[in-house]
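Only one structure is covered here, and it is reproduced in the block below.
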Amino acid sequence: MSGTKYWLLKTEPESFSIDDLATCPEQTTCWDGVRNYQARNFMRDEMHVGDGVLFYHSNANPPAIVGTARVVREAYPDHTAWQRGDPHFDAKASPENPIWLMVDIQLEKVFREPIGLDQLRTAPALVGMELLRRGSRLSVQPVKKSEYEAIIKLARQKHR
DNA sequence: GCCAACGTTGGC
DNA sequence: GCCAACGTTGGC
C-alpha cells in the first residue's frame with residue numbers, strides 16, 4: 001500500500017513486552033501512556049490504520065527490536081490519563097479534554113532473534129536512523145521505509 | 001547505579 | 001520569553 005508509514009514504538013519489557021502483546025485478545029492492545037507532545041502528535045496527525053510498527057524493547061538486555069506490529073485503530077483519547085492512581089495519571093486531562101491519545105496495534109511478527117542495538121548500529125542502511133541518534137528519547141518515532149525494510153531483512157537473515 | 005541528553009516547569 | 005532547576009529516559 002502506498003502512503004503506508006512506518007514507526008518505532010518503545011516499551012520497557014518489564015512493563016509491557018512483545019510476549020505480553022502476543023497473549024492479548026486478538027494480539028491487539030491500546031498503546032496507552034504516551035506523555036510526550038511530539039510523540040502524541042505523531043499518533044494524532046500521521047499514524048494510520050495499516051502503518052507498520054517496529055516493536056522496540058528499551059531498558060532491556062540487550063535493548064533490541066523484537067518484532068513488528070500494525071496500526072489497527074487511529075488515535076483516540078487515552079483514558080488512563082484521568083484515572084487517579086494510574087502511573088501515567090495527568091491531573092490536567094479529563095474526558096472533556098483528553099490531552100493524551102493512543103492508538104491500537106496488533107502483533108504481526110515476533111522475531112525469532114531480537115535485533116540488538118549494537119547490530120543496528122553496524123547496518124549501513126540504518127545510518128541516520130532516529131533510534132540510533134545520540135540522546136534520542138522519543139517513544140514514538142517515524143521510521144523510513146528503507147529502514148523498515150532493512151530491519152525486516154536483518155530479521156530474516158538471522159533465521160537462516 | 002551513573003550520568004548525559006532532553007523535556008517541562010515556573011520564577012522573574 | 002529567558003533560563004535555571006528539576007524530572008525522566010535509557011544506554012551502559
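Both backbone and side-chain heavy atoms feed into the values below; hydrogens, waters and symmetry mates do not. Owing to the predicted nature of the structure, the values given are computational and were not obtained by experimental measurement. Within every chain, numbering begins at 1; the chains are lettered A, B, ... in the order of the sequence lines, protein sequences first and strands thereafter.
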(message) For residues 3-26 of chain A, which residue pairs pass the salt bridge (Lys or Arg N to Asp or Glu O under 4.0 Å) check, not counting sequence neighbours?
(response) A:K5-A:E46
(request) Report the residues that fulfil side-chain hydrogen bond (donor to acceptor under 3.5 Å, both in side chains) with A:W100, sequence neighbours left out, ordered by chain and then residue number. (result) A:D90
(request) Can you sort out which residues in residues 116-127 of chain A have a heavy atom within less than 4.0 Å of DNA chain C? Ascending by number, please. (result) A:L117
(request) Let me know the distance between CD of A:E130 and P of C:dG11, rounded to the nearest Å. (result) 13 Å
(request) Please identify each residue that fulfils ring-ring contact (aromatic ring centres under 6.0 Å, His included) with A:W82, with sequence neighbours left out. (result) none
(message) So A:H57 and A:I65, do their side chains get closer than 4.5 Å, heavy atoms only?
(response) no
Name each donor-acceptor pair under 3.5 Å that joins a side chain in residues 114-135 of chain A to protein atoms two or more places apart or in another chain, with its distance.
{"residue": "A:Q119", "atom": "OE1", "partner": "A:K158", "partner atom": "NZ", "Å": "3.4"}
{"residue": "A:R121", "atom": "NH1", "partner": "A:L132", "partner atom": "O", "Å": "3.2"}
{"residue": "A:T122", "atom": "OG1", "partner": "A:Q119", "partner atom": "O", "Å": "2.8"}
{"residue": "A:E130", "atom": "OE1", "partner": "A:R133", "partner atom": "NH1", "Å": "2.8"}
{"residue": "A:E130", "atom": "OE2", "partner": "A:R133", "partner atom": "NH1", "Å": "2.8"}
{"residue": "A:E130", "atom": "OE2", "partner": "A:S136", "partner atom": "OG", "Å": "3.3"}

(message) I'd like to check the side-chain hydrogen bond (donor to acceptor under 3.5 Å, both in side chains) partners of A:H88; sequence neighbours left out, ordered by chain and number.
(response) none
(request) Only pairs at least two apart or in different chains count here, so list each salt bridge (Lys or Arg N to Asp or Glu O under 4.0 Å) that has a residue in residues 94-105 of chain A. (result) none
(request) With sequence neighbours excluded, tell me which residues meet salt bridge (Lys or Arg N to Asp or Glu O under 4.0 Å) with A:R70. (result) A:E108
(request) At under 4.0 Å between heavy atoms, which parts of nucleotides 5-10 of chain B does protein reach? Answer with one letter per nucleotide, 5' to 3': B base, S sugar-phosphate only, - none. (result) BBSSS-
